[in-house]
**Q** 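Could you have a look at this structure, given as C-alpha cells, before my questions?
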Amino acid sequence: MAGFTRLFLSCFFTFGLVNTEDVQVQERLFLSSLGLPSRPRPSNRGPVPSLLWRIFKKSDEKRVESDPDPCTVPEYGVRGNIVRYVLDQGRVVSDSSSHAVEKHLFFNMSVLEDVEQLSFAQLEMKFKPDLSHLPHQVGQHTFSMHLYKVLRTSLKGMNHDSSRRLLLSQSVQYTHSTTVHFNLTDLAEWWRKPGKNFGLVLVLQSTPLDNQLDPVDYDHGHVGIPELVTSLVVVSLNPYQCKSRKKRSAYYVPVSPSNVCKPRRLYIDFRDVGWQDWIIAPQGYVANYCHGECPFPLSESLNGTNHAILQTLVHSFDPKGTPQPCCVPVKLSPISMLYYDNNDNVVLRHYEDMVVDECGCR
C-alpha cells in the first residue's frame, strides 16, 4: 500500500497538486520501494528478451484472473518475483586467429538487493545469426566450447590451470538459432559474497571439417568463430514484496456520482511522471484511489471495522471533537513491470499492492 501511495502523490504533482520538493522526496521513497537506489537512466536501451515479454504477458493475465500465488516463475519451476537479464561486462582476452576465441565473462551480482533470495541463475550463450563469414556450402558448423570458473586473479604469463576450474566442455553445432544454457545457480550465489566474483572464462575453438569444406573457403581446415552474446538470467524472490493472496474475482470500479467512500478511477501514465525512458511496460495502469465519506450508520458495503463503527457513533454526538473514519484501501492487487535498471539490465518485477480493488472505513 505504501508503494501505491507514494506513486499516487507523485502523480498529484504532475497535475500541480504538490510542490517540487515534496514530489522529489516521494519519488525517492517510491523508487526505494521498487528496490532501486535512484531513478534509472539507461544509457543503452537494448532489446527486450522474448522470454521476458512472454512472462510479462502471462503475469498480466494472472493479475486479471487473481492467481492465488503470483510469485512463481513456471518457465523455470522456481519461486520468484524478479527476473533479470544481467548483461555480460567482460571482454575478449585473446583472439589470435579466427580459429579460437577466449573471452572473460563477468556478471555484476550486486544488482540484487541483500534481502533477495536467489532462486535460479542460468548462463545463456547465443550465437549471432550471421553466416556471412562462413562458407556458403555448409549449413552447420561444429565448435568445441570450454567454460571455466575463475578462482582468483592471475598475473600475465602465469599458468592458468591453477587459477581456474573447468565447468563445461562440449561440442556445439552452429545454426541460425543456436543457444546454449548452463545452470549457474550455486556459483551465482557464491558470487554475491564480497570478493568472490572473478567471473568465468569461455574458450571457443573451431573444429576441422575437412570432408565438408572446400579448401578455398577456409584456412587450415577450420571455420571462423561466429560472434557470441552472453547474459545471465537471474530469478530472485523478495519475501517482503511477495505474499500469497486469497483468490478473488476481478474488481470493477463503478462510475457513479456519490460522496460515500468507494474506489474512484485513476489511470497513471508513466509518461506523465517522466518515467517513459526506463519503464518498458506497461505504459500505464489503472491504479484507482479511495475517496468519500464514512457516514453514520456505517453500512456493510463500507467494510467498516468495529472501531470505525464506534468512531462514527461518537462522531455523530461530538462532530468537532471526534473525526469521521478515513476512507482507505482495504484490498489491493499487484502489477508486473518491465524496466531497465541503472546497469542497462532488463528487469521483470512483480509488485504487490499497486491497484486499489476495494475501499473501506478505518
Side-chain angles (χ1 to χ4, degrees), residues 49 51-52 73 75-78 80 82-112 116-128 140-175 177-208 222-237 343 345-346:
L51 176 64
L52 286 191
V73 185
E75 286 76 8
Y76 297 113
V78 297
I82 310 166
V83 184
R84 293 180 174 89
Y85 262 71
V86 182
L87 298 178
D88 175 23
Q89 299 179 5
R91 60 184 180 84
V92 175
V93 177
S94 64
D95 188 9
S96 57
S97 71
S98 60
H99 314 318
V101 172
E102 181 175 321
K103 185 179 181 182
H104 177 236
L105 311 181
F106 182 83
F107 303 98
N108 181 12
M109 296 302 294
S110 67
V111 297
L112 275 72
E116 291 180 42
Q117 301 167 3
L118 180 65
S119 303
F120 181 77
Q122 178 177 265
L123 179 65
E124 182 177 286
M125 298 172 282
K126 183 181 298 184
F127 288 107
K128 281 194 172 180
Q140 292 183 337
H141 304 280
T142 303
F143 302 92
S144 61
M145 174 182 291
H146 308 283
L147 184 67
Y148 300 87
K149 171 187 174 181
V150 180
L151 304 175
R152 64 183 69 86
T153 56
S154 58
L155 299 176
K156 187 175 182 180
M158 292 182 59
N159 186 0
H160 292 305
D161 294 338
S162 61
S163 63
R164 61 193 191 188
R165 178 167 61 86
L166 182 65
L167 298 177
L168 172 70
S169 180
Q170 70 178 59
S171 295
V172 179
Q173 275 197 331
Y174 174 61
T175 65
S177 57
T178 299
T179 303
V180 179
H181 298 104
F182 186 66
N183 192 316
L184 286 178
T185 305
D186 292 339
L187 184 55
E189 185 63 54
W190 175 256
W191 284 343
R192 298 183 69 185
K193 299 178 181 179
K196 299 297 183 181
N197 188 358
F198 297 105
L200 303 164
V201 168
L202 178 66
V203 179
L204 280 176
Q205 292 178 315
S206 62
T207 302
H222 288 74
V223 179
I225 303 295
E227 187 175 353
L228 191 68
V229 178
T230 53
S231 56
L232 189 69
V233 185
V234 179
V235 181
S236 60
L237 176 72
N343 292 277
N345 301 315
V346 180

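Only heavy atoms go into these numbers, but all of them, side chains included; no hydrogens, no water, no symmetry mates.
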**Q** In the structure I gave you, are the side-chain heavy atoms of Leu147 and Val203 within less than 4.5 Å of one another anywhere?
**A** no
**Q** Do Leu87 and Asn343 touch side chain to side chain, with heavy atoms closer than 4.5 Å?
**A** no
**Q** Report the residues that fulfil side chain to side chain contact (heavy atoms under 4.5 Å, CB included) with Gln117, sequence neighbours left out, ordered by chain and then residue number.
**A** Leu237, Pro239
**Q** Leu51 and Glu75: which non-hydrogen atoms are nearest, and at how many Å?
**A** CD1-CG, 4.0 Å
**Q** In a table with atom names and distances, give each donor-acceptor pair under 3.5 Å that connects a side chain of residues 191-201 to protein atoms at least two apart or in another chain.
**A**
residue	atom	partner	partner atom	Å
Arg192	NH1	Glu116	O	3.0
Arg192	NH2	Glu113	O	2.9
Arg192	NH2	Glu116	O	3.2
Asn197	OD1	Gly199	N	3.2
Asn197	ND2	Phe107	O	2.9

**Q** Taking all non-hydrogen atoms of both residues, which atom of Thr142 and which atom of Ser171 are closest, and how far apart?
**A** CG2-CB, 4.0 Å
**Q** Side-chain contact test, heavy atoms from C-beta onward, threshold under 4.5 Å: evaluate it for Thr230 versus Lys103 and give yes or no.
**A** yes
**Q** Search all heavy atoms of Ser206 against all heavy atoms of Phe143 and return the closest pair with its distance.
**A** CA-CD2, 3.6 Å
**Q** Between Val78 and Phe120, is there a side-chain heavy-atom distance shorter than 4.5 Å?
**A** yes
**Q** Counting neighbours of NZ on Lys149 that are heavy atoms of other residues, nucleotides or ligands and sit closer than 6.0 Å, is the number greater than 12?
**A** yes
**Q** Hey, could you give me the CZ/CD distance between Phe182 and Gln170, rounded to the nearest 0.5 Å?
**A** 9.0 Å
**Q** Rounded to the nearest 0.5 Å, how far apart are CG of Leu151 and OG of Ser163?
**A** 7.0 Å
**Q** Say you draw a straight line from CG of Leu123 to CG of Leu202; how long is it, rounded to the nearest 0.5 Å?
**A** 8.0 Å
**Q** Roughly how far apart are Leu232 CG and Phe106 CZ, rounded to 0.5 Å?
**A** 11.0 Å
**Q** Minimum heavy-atom separation for Thr185 and Ala121, please, with both atom names.
**A** OG1-N, 3.1 Å
**Q** Measure the CG-CG distance between Leu184 and Leu168 for me, rounded to the nearest 0.5 Å.
**A** 9.5 Å
**Q** Between Asn345 and Val111, is there a side-chain heavy-atom distance shorter than 4.5 Å?
**A** yes
**Q** Between the main-chain N or O of Gln173 and the side-chain N or O of Thr178, is there a donor-acceptor pair closer than 3.5 Å?
**A** yes
**Q** With a 4.5 Å heavy-atom cut-off, do Leu228 and Lys126 have their side chains touching?
**A** no
**Q** Are Leu52 and Val83 close enough that some pair of their side-chain heavy atoms sits under 4.5 Å apart?
**A** yes
**Q** Take Val233 and Tyr76, measure what side chain to side chain contact (heavy atoms under 4.5 Å, CB included) needs, and give me the verdict at the end.
**A** CA-CA 10 Å; Val233 185; Tyr76 297 113; 3.5 Å; yes
**Q** Excluding sequence neighbours, so at least two apart, what forms side chain to side chain donor-acceptor pair (under 3.5 Å) with Tyr148?
**A** none
**Q** Just how far is it from atom CE of Met125 to atom OG of Ser231, taken to the nearest 0.5 Å?
**A** 10.0 Å
**Q** For the residue pair Arg84 and Leu112, establish whether any side-chain heavy-atom pair is separated by less than 4.5 Å.
**A** yes
**Q** At their closest point, which heavy atom of His146 faces which heavy atom of Ser169, and how far apart are they?
**A** ND1-OG, 3.0 Å
